[in-house]
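For reference, the structure is listed below as structure tokens.
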Amino acid sequence: MPLSSLKSRFSGQPAPTGMTRQAPLLGISLKVASTLIFFVMATALKIAAETVPIGQLVFVRNFFGLFPVLLMVAMRGELGLAFQTQNPRGHLIRATIGLSAMVCMFTALSLLPLPDATAIGFATPLFVVVLAFFLLGEQVRIYRWSAVGVGFVGILVVLSPHLGEAHLDGPSTFGAAIGVLGAGFAALAMITVRKLCETERTSTIVTWFAGASTLLALLTLPLGLMLPGQAWVLPDAPTAGLLVLIGLAGGVGQILLTQSYRFADASTIAPFDYVNMLWAIIIGWLVFSETPVGEVVLGALIVIAAGIFVIYREHKLGLDRTKARRASTPSRS
């Protein structure tokens with residue numbers, strides 16, 4: 001059989017690159033479903049974090065999450081194309097930054113109530129606006145700057161319960177601080193995705209991130225030699241089940257997220273990111289007996305309002321973030 005024929009069979013016919021925007025309700029449904037699946041993952045992660053170190057959690061999230069992603073790419077006929085890139089350095093940088101965000105946000109999830117960690121994560125779109133201005137030279141007018149300023153005030157309100165004098169040296173303060181750092185890393189990862197989207201396919205970005213992150217996460221294995229608390233463990237059967245669930249749920253959530261942006265543009269779907277706060281309150285109360293304090297709810301509402309306004313302004317300015325969002329991996333996932 002000729003080599004070209006073999007290559008054709010391996011690569012398959014790529015899925016159409018054009019967007020299908022005639023089914024916004026389907027896109028919204030897929031987006032909301034992805035947020036719920038991600039919170040199944042977050043719940044399993046928070047439980048497993050009681051006995052499993054963060055580095056090992058990050059590894060299983062990426063390793064087991066890789067299989068659903070490869071299945072999605074294969075079903076679209078892009079398995080061969082997904083590994084082809086002219087910019088491996090860019091993918092490795094994106095994976096390193098994205099993995100840093102994941103480590104920070106997983107740590108915040110393990111130390112904070114779900115609603116608090118979730119609300120802090122809403123700072124990511126605000127950081128994206130700031131970084132796009134400084135790193136990409138994107139023009140940001142007074143309306144978006146005002147929304148960013150209001151949003152960061154909301155984040156300070158969310159952080160206020162964790163920054164009292166009695167908490168400054170405690171795990172709550174550390175969790176809040178590293179959650180903000182994770183939001184910053186997640187925003188920087190989104191900036192790198194925007195640059196990659198100029199030349200790379202969505203399937204390539206998603207596949208390279210999953211694969212590179214799995215390998216990079218293995219670097220946390222030797223940490224146990226220096227930090228006994230971070231030594232990887234041999235899990236019992238129930239914990240092993242949780243670890244597999246973390247990865248598979250993360251991968252399935254990624255598929256649903258990616259597909260949602262095939263049926264509607266970012267300005268339609270992105271506001272439904274904030275459904276995460278609803279799941280955080282419900283799951284936090286049902287599973288962990290967590291009740292968000294008033295400051296967290298108020299701050300989250302302020303940040304959500306600012307985030308939605310930023311999305312609205314970008315839509316009015318004709319800035320379509322659909323492709324970048326399809327290729328992104330939320331840090332909390």
Side-chain angles (χ1 to χ4, degrees), residues 37-38 40-73 82-83 85 88-111 117 121 124 175 178-179 181-190 192-193 196 204-235 239-255 257-258 327-333:
I37 294 297
F38 282 140
V40 169
M41 186 215 72
T43 302
L45 187 148
K46 193 169 177 64
I47 295 171
E50 297 177 2
T51 56
V52 180
I54 296 299
Q56 189 173 358
L57 291 173
V58 171
F59 171 76
V60 298
R61 157 62 185 96
N62 289 288
F63 177 73
F64 290 110
L66 180 61
F67 296 100
V69 169
L70 290 177
L71 178 62
M72 175 190 71
V73 173
F83 291 95
T85 179
R89 179 174 177 272
H91 287 288
L92 290 176
I93 291 173
R94 182 265 190 275
T96 301
I97 296 171
L99 199 68
S100 300
M102 199 173 287
V103 168
C104 291
M105 296 305 290
F106 281 15
T107 303
L109 274 172
S110 70
L111 297 175
T124 296
I178 203 156
L181 182 63
F185 274 125
L188 187 57
M190 177 63 79
T192 63
V193 168
L196 285 171
T204 302
I205 297 172
V206 171
T207 303
W208 268 77
F209 175 76
S213 296
T214 299
L215 295 176
L216 289 173
L218 284 173
L219 297 177
T220 66
L221 185 57
L223 279 179
L225 299 176
M226 298 175 289
L227 302 171
Q230 293 302 311
W232 285 28
V233 300
L234 183 63
T239 304
L242 286 175
L243 297 182
V244 174
L245 176 61
I246 289 168
L248 293 181
V252 172
Q254 179 69 52
I255 291 173
L257 175 69
T258 301
S328 68
T329 301
S331 57
R332 59 186 168 274
S333 69

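- Closest heavy-atom contact between Leu66 and Gly211: CD1-N, 3.9 Å.
- A heavy-atom distance below 4.5 Å is found between the side chains of Ile47 and Leu242.
- Nearest heavy-atom pair, Pro330 versus Leu257, reported as atom, atom and distance to 0.1 Å: CD-CD2, 3.6 Å.
- Here the straight-line distance linking atom CG of Leu45 with atom CE of Met102 works out to 10.0 Å at 0.5 Å rounding.
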Worksheet entry | Steps toward side-chain contact (heavy atoms from CB on, under 4.5 Å) verdict (Thr43, Val40) | CA-CA 5 Å; Thr43 302; Val40 169; 5.8 Å; no
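- A 4.5 Å side-chain heavy-atom check between Met41 and Leu245 finds every atom pair outside the cut-off.
- Closest heavy-atom contact between Ala48 and Leu57: CB-CD2, 3.9 Å.
- Closest approach of Ala212 and Leu92 over heavy atoms only: CB-CD2, 4.1 Å.
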Worksheet item: Trp232 and Phe59: ring pair (Phe, Tyr, Trp, His ring centres under 6.0 Å), yes or no, with the steps?
Response: CA-CA 10 Å; Trp232 285 28; Phe59 171 76; 5.4 Å; yes
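- Summarising the geometry of Ala186 relative to Ala101, their closest heavy-atom pair is N-CB, 3.5 Å, with the distance given to 0.1 Å.
- Two residues are said to be in side-chain contact when any heavy atoms from C-beta on lie closer than 4.5 Å; Thr204 and Val73 fail this criterion.
- Here the closest non-hydrogen pair linking Val252 and Pro68 is N-CB, 4.0 Å.
- Taking the six-membered ring for Trp and thresholds of 30 and 60 degrees, Phe67 and Phe64 have ring planes inclined between 30 and 60 degrees apart.
- Under the 4.5 Å side-chain criterion, counting only non-hydrogen atoms from C-beta, Leu181 is in contact with Phe185.
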Worksheet entry | From CA spacing to verdict: side-chain contact (heavy atoms from CB on, under 4.5 Å), Val58, Leu99 | CA-CA 8 Å; Val58 171; Leu99 199 68; 3.3 Å; yes
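- In this structure, CG in Leu188 is found 11.0 Å from OG1 in Thr124, a value given to the nearest 0.5 Å.
- Rounding to the nearest 0.5 angstrom, the gap separating the CZ atom in Phe63 from the CG atom in Leu248 is 10.5 Å.
- In this structure, Thr207 has no side chain to side chain donor-acceptor pair (under 3.5 Å) partners at least two apart in sequence or on a different chain.
- For the pair Lys46/Leu109, no side-chain contact is recorded, criterion being any heavy-atom separation below 4.5 Å from C-beta on.
- For the pair Thr329 and Arg94, the minimum side-chain heavy-atom distance is below 4.5 Å.
- The line from CD1 of Ile205 to CG of Leu196 is 5.0 Å long, rounded to the nearest 0.5 Å.
- With hydrogens and angles left out, the side-chain atoms of Gln230 and Thr220 include no donor and acceptor closer than 3.5 Å.
- A donor-acceptor pair under 3.5 Å links the side-chain atoms of Gln56 to the main chain of Val233, judged by distance alone.
- Side-chain atoms of His91 and Thr192, non-hydrogen and from C-beta on, never get closer than 4.5 Å to each other.
- Trp208 CH2 to Thr85 OG1: the interatomic distance, rounded to the nearest 0.5 Å, is 6.0 Å.
- Between the side chain of Thr214 and the main chain of Asn62, a donor-acceptor pair closer than 3.5 Å is present.
- Looking only at distances, no side-chain donor or acceptor of Ser213 sits under 3.5 Å from a matching main-chain atom of Ala210.
- Residues Ser110 and Glu50 fail the side-chain proximity criterion, which asks for heavy atoms closer than 4.5 Å.
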